[in-house]
K.L.:
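My questions will all concern the structure given below.
The sequence lines fix the lettering, A, B, ..., with proteins before strands; numbering per chain opens at 1.
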2 protein chains.
Amino acid sequence: MRISSRGEYGLRALIDLAEQYGRGPVACADIAARQQIPENYLTQILIALRNAGLIQSTRGPQGGHQLSRTPQNIRLVECLSVLEGPVGPVITDRDDHASMNVPSSRALREVWEEVRVATEKVLDSRNLADLTEVRRSQNSKGK
Amino acid sequence: MRISSRGEYGLRALIDLAEQYGRGPVACADIAARQQIPENYLTQILIALRNAGLIQSTRGPQGGHQLSRTPQNIRLVECLSVLEGPVGPVITDRDDHASMNVPSSRALREVWEEVRVATEKVLDSRNLADLTEVRRSQNSKGK
DNA sequence: TAATTGTCAACTAGATTAGTAAAGTTTGCA
DNA sequence: TGCAAACTTTACTAATCTAGTTGACAATTA
């Protein structure tokens, strides 16, 4: 498995917005600077996040981006689905129909499905608030 | 996550060898025909499996490939590591040093690690024998 | 209207994927 | 010995994906 820079950058941006949550729109350039993301590239990632409804964007001076929901209500599994496509193993078989007749292929599908479920479980148990600096320093204090 | 055809083909080949286990070397062409894999492509995959020590190859007439260990002793996690590189999320960050200073990036690493552990657990609990037709039909009979 | 900010579409270099192809090596057998 | 079966190795390719960059445009506010 491999996390693309798009996934990593997108999540960092969302975490940034979670940390700024409630303070109005945050400019793309600000996020890019704080999170060390190429600004023009981040632009495109934010558009995807907006199209998926995870964030809302406002134009013009003092414009920017903000989370559509509270950080607690945005789970990582949803973010990653938007940024990298469906979570879990995806078989890229252009001859799907034919390989269904191969027994080993059917057996493998069950394994991929198990992996998918396990992965999804982890990503479904974490939300954006869990990853913010505030929340995390509270947790470490609690230890 | 995405399973490349190399991973899928390689595992199908290994399952095939598990089903033929104990009957001597199996020719690449035979595996390819049974498992619906492009023969020339499979050639390369088998070499990788041999270099990793999972199979043994013998040349000449009546030559072919066979598992180095019993199917029960070969876990999927090992096969997939050989075929697709390390299991679990891999961050492809060419600026690793810099991003370590970004708090969100550090937080994400912990999540990726959790996913890796969960994935590995599933793949470590399955071996090649579990995926053979014989074993599987026994299981379904058992229900 | 000018400045600020997001939106959209097009383009690119480089890497990866999924093969194909060709030449060479080893071995068993007649 | 010589042929054929089989694996080995290297090189090549087309198509796709990744990680951006660039530039024109739209909307908003002061």
K.L.:
Let's see if you can work this out: which of C/dT20, D/dT28, D/dT8 has an atom nearest to the side-chain heavy atoms of B/Gln44?
P.N.:
C/dT20

K.L.:
Specify the separation, in whole Å, of atom CG of A/Asn51 and atom P of C/dT7.
P.N.:
8 Å

K.L.:
Find the distance A/Ile47:CD1 to D/dA27:C1' and express it as a whole number of Å.
P.N.:
14 Å

K.L.:
Tell me whether the OP1 or OP2 atom of C/dG19 has a side-chain N or O from B/Tyr9 closer than 4.0 Å.
P.N.:
yes

K.L.:
Between the side chains of B/Arg126 and A/Glu114, is the shortest nitrogen-to-carboxylate-oxygen separation below 4.0 Å, so that they form an ion pair?
P.N.:
yes

K.L.:
Is the phosphate of D/dT18 approached by A/Ser4 (side-chain N or O, under 4.0 Å from OP1 or OP2)?
P.N.:
no

K.L.:
Just N and O in the side chain of B/Ser57: are any of them under 4.0 Å from OP1 or OP2 of D/dA6?
P.N.:
no

K.L.:
How long is the line joining CD of A/Gln36 and P of D/dA19, in whole Å?
P.N.:
17 Å

K.L.:
What integer distance in Å separates A/Glu84:CD from D/dC17:P?
P.N.:
14 Å

K.L.:
With a 4.0 Å cutoff (strictly under), does any side-chain N or O of B/Arg6 reach OP1 or OP2 of C/dT16?
P.N.:
no

K.L.:
Any salt bridge between B/Arg106 and B/Glu110, counting N to O under 4.0 Å?
P.N.:
no

K.L.:
Contact class for A/Thr58 (heavy atom, under 4.0 Å): base, sugar-phosphate, or nothing?
P.N.:
sugar-phosphate

K.L.:
Closest nucleotide of DNA chain C for B/Glu39 versus for A/Ala29: which of these residues is on the 5' side?
P.N.:
A/Ala29

K.L.:
Please check if atom CD in A/Glu113 has more than 12 non-hydrogen atoms from other residues, nucleotides or ligands closer than 6.0 Å.
P.N.:
yes

K.L.:
Nearest 0.5 Å please: distance from the CG atom of B/Leu108 over to the CD1 atom of A/Ile15.
P.N.:
4.0 Å

K.L.:
For B/Leu42 and D/dC7, give me the distance from atom CG to atom P, rounded to whole Å.
P.N.:
9 Å

K.L.:
Rounding to an integer number of Å, can you tell me how far B/Arg59 CZ sits from C/dG24 P?
P.N.:
14 Å

K.L.:
Does CD in B/Gln72 sit with more than 12 non-hydrogen atoms of other residues, nucleotides or ligands closer than 6.0 Å?
P.N.:
yes

K.L.:
Nearest of D/dT8, C/dG19, D/dA4 to any side-chain atom of B/Pro61?
P.N.:
D/dA4

K.L.:
With DNA chain D as reference, determine whether A/Pro38 or A/Gln62 sits nearer its 5' end, using the nearest nucleotide of each.
P.N.:
A/Pro38

K.L.:
In whole angstroms, how far is the P atom of D/dT28 from the CD atom of A/Gln56?
P.N.:
14 Å

K.L.:
Check this one for me: any side-chain N or O of B/Arg2 less than 4.0 Å away from OP1 or OP2 of C/dT16?
P.N.:
no

K.L.:
How many whole angstroms separate atom CZ of B/Arg50 from atom P of D/dA6?
P.N.:
18 Å

